[in-house]
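Take a look at the structure set out below.
It should be emphasised that the depicted structure is a prediction, and the values quoted were computed from it without experimental measurement.
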2 protein chains.
Amino acid sequence: MPTAAPVLGLRERNRLRRTRRVERAALTLALELGVDNVTVDMICEASDISPRTYFNYFGTKEGALIGPEPSVPDEAFVDEFVQARGPLVEDLMLLIARGFFATEPDRDVFTMRRELYAKEPSLQAVQVARMAGKRQATAELVRRRLASQHPDMPETEARDEAQLVMSVAFGAFPVISRLWIERSGEEAEVETYIHAAIARIRRIVSP
Amino acid sequence: MPTAAPVLGLRERNRLRRTRRVERAALTLALELGVDNVTVDMICEASDISPRTYFNYFGTKEGALIGPEPSVPDEAFVDEFVQARGPLVEDLMLLIARGFFATEPDRDVFTMRRELYAKEPSLQAVQVARMAGKRQATAELVRRRLASQHPDMPETEARDEAQLVMSVAFGAFPVISRLWIERSGEEAEVETYIHAAIARIRRIVSP
DNA sequence: TCACATTCTTGCAGTCTCTGCACTTTTGCG
DNA sequence: CGCAAAAGTGCAGAGACTGCAAGAATGTGA
């Protein structure tokens with residue numbers, strides 16, 4: 001089983017270089033003019049790429065701005081999650097986080113992105129919507145874990161519970177990622193923030 | 001201060017009739033062909049309205065499918081929320097719910113909408129995205145309440161806490177609304193589901 | 001009842017996002 | 001070098017959405 005080859009072919013290197021170039025152009029323009037006043041054509045002109053290729057790379061106009069779609073965690077991780085017996089929400093958030101921060105962008109892009117998110121909250125909505133697409137799949141994962149953990153739990157209750165677990169995790173995620181990104185200078189792990197967030201939630205919903 | 005006049009002028013009645021007619025046409029088509037295979041032009045042809053007017057009414061293609069945007073709660077409610085001292089998340093969810101279910105659509109539309117939501121999860125993403133637009137405003141509300149409730153709480157902590165409260169509420173909301181809509185035959189109040197959901201969340205995040 | 005102001009609907013022209021398809025270029029490899 | 005696979009590109013077009021200005025419907029006051 002070949003893990004990601006450490007040395008990349010010319011093809012991959014070109015792709016990476018291009019991706020970065022386009023992302024930079026897109027972010028620069030968006031920061032300068034505002035997302036709504038930037039068109040795909042402008043980004044393409046600035047980064048010397050054809051619009052058709054832009055969409056092959058990023059899929060949507062916002063693609064270059066919000067970063068790559070969280071990768072689907074591979075089966076090993078998923079199975080681990082389903083079988084694990086730790087605190088459920090925590091485990092789930094870790095699973096999500098793992099996919100989310102899998103591809104580390106370069107420093108500039110990272111910084112600009114953070115700046116842009118702060119400046120244009122509408123992008124957060126795009127993010128949330130994209131993640132919402134994975135709600136079904138995620139809820140199903142949680143349901144599987146609940147089923148294997150509590151074989152006696154009624155079907156419908158398990159489904160409702162799974163939905164809620166997923167909702168809480170997805171709901172809190174933007175906050176966690178914001179904190180993590182904002183304080184990324186201090187070298188704390190995501191786990192720390194997840195932990196803290198859950199403790200807070202517990203306090204919040206306590207009577 | 002005129003509250004909504006009980007008797008509507010011809011103008012309003014026309015608008016209502018039209019809205020309903022268009023919503024029905026849109027939902028019928030979407031249920032039959034799938035959202036992606038329906039165009040605004042088709043909806044307009046089916047409901048005998050001009051595309052331009054369609055957008056004046058609904059703003060987006062999905063507008064007629066997902067229903068009207070939750071109305072901004074009026075100042076009285078907002079103030080009440082800010083000053084209240086009950087369980088925070090619960091109060092917030094009630095505030096959201098109040099805006100959300102303010103405009104009762106007619107029976108057919110309601111039923112079709114429920115059906116469509118079940119059939120096309122992508123619509124849920126649209127919903128979530130639309131609600132995400134109000135994140136800022138909502139978090140600010142919570143922050144105000146926290147500030148008045150705990151004057152000694154540090155600024156930044158209040159902001160983080162507010163964000164998290166808002167996230168939990170927004171996160172759980174789709175679940176609550178789903179439950180409420182699915183079981184809307186049984187005449188239970190939204191409060192009941194909110195209550196139950198919060199109790200569940202408490203259990204979920206408990207160690 | 002009739003003008004007049006207001007509000008609403010509509011057509012039109014145009015911009016922008018996004019897609020399928022066919023064609024060319026680039027890359028990997030023997 | 002030569003060939004096959006992969007990737008980039010141009011083009012034509014569908015579809016969502018907007019601003020504008022003309023035309024229709026509606027409310028109002030005399």
Side-chain angles (χ1 to χ4, degrees), chain A residues 2 4-23 25-26 29-30 33-66 68-69 120 122-123 125-127 129-130 133, chain B residues 2 4-23 25-26 29-30 33-66 68-69 120 122-123 125-127 129-130 133:
Chain A
V7 64
L8 301 163
L10 177 52
R11 212 153 236 167
E12 324 293 322
R13 273 181 291 138
N14 270 343
R15 169 171 268 273
L16 259 180
R17 221 197 346 260
R18 257 192 194 176
T19 303
R20 282 219 314 251
R21 203 176 61 220
V22 177
E23 282 176 338
L29 283 169
L33 306 173
V35 175
D36 288 344
N37 300 315
V38 176
T39 70
V40 172
D41 284 355
M42 290 165 71
I43 299 173
C44 291
E45 198 159 333
S47 55
D48 196 35
I49 200 183
S50 89
R52 194 60 188 83
T53 304
Y54 178 92
F55 282 108
N56 281 344
Y57 270 63
F58 302 103
T60 67
K61 173 187 168 181
E62 291 85 3
L65 300 176
I66 61 180
E69 188 149 7
E120 305 230 16
S122 68
L123 275 188
V126 178
Q127 268 278 16
R130 196 173 59 175
Chain B
V7 62
L8 302 162
L10 177 53
R11 212 151 236 166
E12 326 293 321
R13 272 181 291 138
N14 270 343
R15 168 170 270 271
L16 260 180
R17 223 198 342 263
R18 257 190 198 180
T19 303
R20 281 218 316 251
R21 202 176 61 221
V22 177
E23 282 176 338
L29 282 169
L33 306 172
V35 175
D36 288 344
N37 301 317
V38 176
T39 70
V40 171
D41 284 355
M42 290 164 71
I43 299 174
C44 291
E45 199 159 334
S47 54
D48 196 34
I49 200 182
S50 90
R52 194 60 187 79
T53 304
Y54 178 92
F55 282 108
N56 281 344
Y57 271 64
F58 301 104
T60 69
K61 173 188 169 180
E62 291 86 4
L65 299 176
I66 61 181
E69 188 149 7
E120 306 230 15
S122 67
L123 276 189
V126 178
Q127 268 277 18
R130 195 173 59 173

Problem set entry | d(CD, Glu45(B); P, dG11(C)) in whole Å | 12 Å

Problem set entry | For atom CZ of Arg13(B) and atom C1' of dG27(D), their distance in whole Å | 13 Å

Exercise. Would one find a side-chain N or O of Ser50(A) under 4.0 angstrom from OP1 or OP2 of dT9(D)?
Worked result: yes

Exercise. Are OP1 or OP2 of dG8(D) and a side-chain N or O of Arg18(A) less than 4.0 angstrom apart?
Worked result: yes

For this session: With rounding to the nearest 0.5 Å, note down the distance linking OG1 in Thr39(A) to CE in Met42(A).
Result: 5.5 Å

Exercise. Between dT10(C), dT27(C), dT9(D), which one does the side chain of Arg52(B) approach most closely?
Worked result: dT10(C)

Problem set entry | Sub-4.5 Å side-chain heavy-atom contact between Arg52(A) and Asn56(A) | yes

Seminar exercise, completed: Here the distance between atom C1' of dA16(D) and atom CG of Asp36(A), to the nearest Å, is 15 Å

Problem set entry | Protein-nucleotide distance (Arg17(A), atom CZ; dG8(D), atom P), rounded to Å | 12 Å

Exercise. Only one of Asn37(A), Val35(A), Asp36(A) clears side chain to side chain contact (heavy atoms under 4.5 Å, CB included) with Leu33(A); which?
Worked result: Asn37(A)

For this session: May I ask you to test the Arg21(B)-Arg18(B) pair for a side-chain heavy-atom distance under 4.5 Å?
Result: yes

Problem set entry | Between dA7(D) (C1') and Leu16(A) (CG): distance, integer Å | 15 Å

Exercise. How far does CZ of Arg17(B) sit from CD of Glu12(B), to the nearest 0.5 angstrom?
Worked result: 12.5 Å

For this session: Using a cut-off of strictly less than 4.0 Å, decide whether Asn14(A) has a side-chain nitrogen or oxygen near OP1 or OP2 of dT27(C).
Result: yes

Seminar exercise, completed: Considering only heavy side-chain atoms of Thr39(A), the closest of dC16(C), dT19(C), dT18(D) is dC16(C)

Exercise. Could you give the CG-to-P distance, from Asp41(A) to dT15(C), as a whole number of Å?
Worked result: 12 Å

Exercise. Rounded to whole angstroms, how far apart are CZ on Phe55(A) and C1' on dG10(D)?
Worked result: 15 Å

For this session: Mind checking Asn56(A) for me? I need base, sugar-phosphate or nothing, with any heavy atom below 4.0 Å counting as a touch.
Result: base

For this session: Ignoring backbone atoms, test whether Tyr57(B) places a side-chain nitrogen or oxygen under 4.0 Å from the OP1 or OP2 oxygen of dT9(C).
Result: yes

Seminar exercise, completed: Between Arg15(B) and Tyr54(A), the residue closer to the 5' end of DNA chain C by nearest nucleotide is Arg15(B)

For this session: To the nearest Å, give me how far apart CD (Glu62(B)) and C1' (dA16(D)) are.
Result: 9 Å

For this session: Could you work out which one of dA16(D), dT9(C), dT17(C) sits closest to the side chain of Lys61(B)?
Result: dA16(D)

